[in-house]
Amino acid sequence: MNVDEALRVQPDDRPSPFFARRVLRSIREPAPIAFPWRRVAIGAAACAVAAGTVATIPSAVDVTAVVAFAVIGIAAAGVERLVHS
Amino acid sequence: MSSTDDEDVAAVLAGDVDRFEQIVLRYERPLMHFALRFTSDRRTAEEMAHDALVRCYRSLPSWRRESAFSTWLFSLALNVYRSALRRRQPEGLPIDETVLVDAESEERIADREEAALVRRAVSYLPAKYRDALTTFYFRDADLAETASILGVAEGTVKARLHRGRKLLADRLARFLQGRQR
């Protein structure tokens, strides 16, 4: 068996007659919106850090947690902006 | 007068969506033939080629003209085909198991069947050898273009081709021994 020759053989199949039309119809449809995994991951990370802060220093919850949420929120937005730039 | 890839891409990017038809008509068969090297099912191959062309259209703004349009297109198609193959298990039986089926039903392998058998054996190789062999032979044994499509160095392609051919030869030899028993 000549593997080299066998691998060079091109199949002679053609796409079905309406293939091009189907592709053109598909490209006119809006692209599917991808699930925002990155946003979910950043949000989950922010929640984990906030929960960790509250668990570690519960006495500082009233002030620190509010500040931590604000800082984390701003940082997450900054990270996402960097990732998308 | 027929247009070139560059002209068609420029027209599409300028808003003439209908000009993408020229690209579709030019590449529908090559993309389907490329897909048929990854799957033996015609309908699946057509679906893969369709998805590659749709992805191509949506990614046109990201083509940086660092390589020929066809190189970029086949590189993109390879990624689409890999994803499609990951989503679905390879159809049919692995080559070692087909021995029993084929030995009963066929006495002689004709040229086309032989080519199909080899392609099927290739499809069961580890992905990096499968992709190297498939792309290399599909693109007329052009080492530089194969390297561009795969996004690796030419030396890496050579090594993968060498190892892939060896693996393939071993598996086919085992298969043929099985047939003779």
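Because the structure is predicted, anything quoted here is derived from the model rather than measured. Lettering follows sequence order; numbering is per chain, from 1.
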Keeping the roles fixed (side chain from B:Arg171, backbone from B:Tyr124), state whether a donor-acceptor pair exists under 3.5 Å.
yes
Contacts of type ring-ring contact (aromatic ring centres under 6.0 Å, His included), residue B:Phe136, not counting sequence neighbours
none
Looking only at B:Arg165, B:Arg43, B:Met32, B:Glu46, the option with the highest number of non-hydrogen pairs under 4.5 Å against chain A is B:Glu46
Can you say whether A:Leu24 sits under 4.5 Å from chain B via the side chain, the backbone, both, or neither, judging by heavy atoms?
side chain
Is a side-chain donor-acceptor pair under 3.5 Å present for B:Asp51 with B:Tyr81?
no
Nearest heavy-atom pair of B:Ala121 and B:Leu172: which atoms, and what distance?
CB-CD2, 4.1 Å
Structural part of A:Arg28 lying under 4.5 Å from a heavy atom of chain B
side chain
Quick check on the interface: out of A:Arg21, A:Arg14, A:Arg8, who has the most heavy-atom pairs with chain B under 4.5 Å?
A:Arg14
Non-hydrogen atoms of chain A under 4.5 Å away: do they reach the side chain of B:Ala173, the backbone, both or neither?
neither
Examine whether an atom of B:Tyr57 lies under 4.5 Å from a heavy atom of chain A, and if so say whether it belongs to the side chain, the backbone or both; otherwise answer neither.
side chain
Intermediate values then yes/no, salt bridge (Lys or Arg N to Asp or Glu O under 4.0 Å), B:Glu47 and B:Arg42:
CA-CA 9 Å; B:Glu47 208 50 47; B:Arg42 199 185 166 286; over 6 Å; no
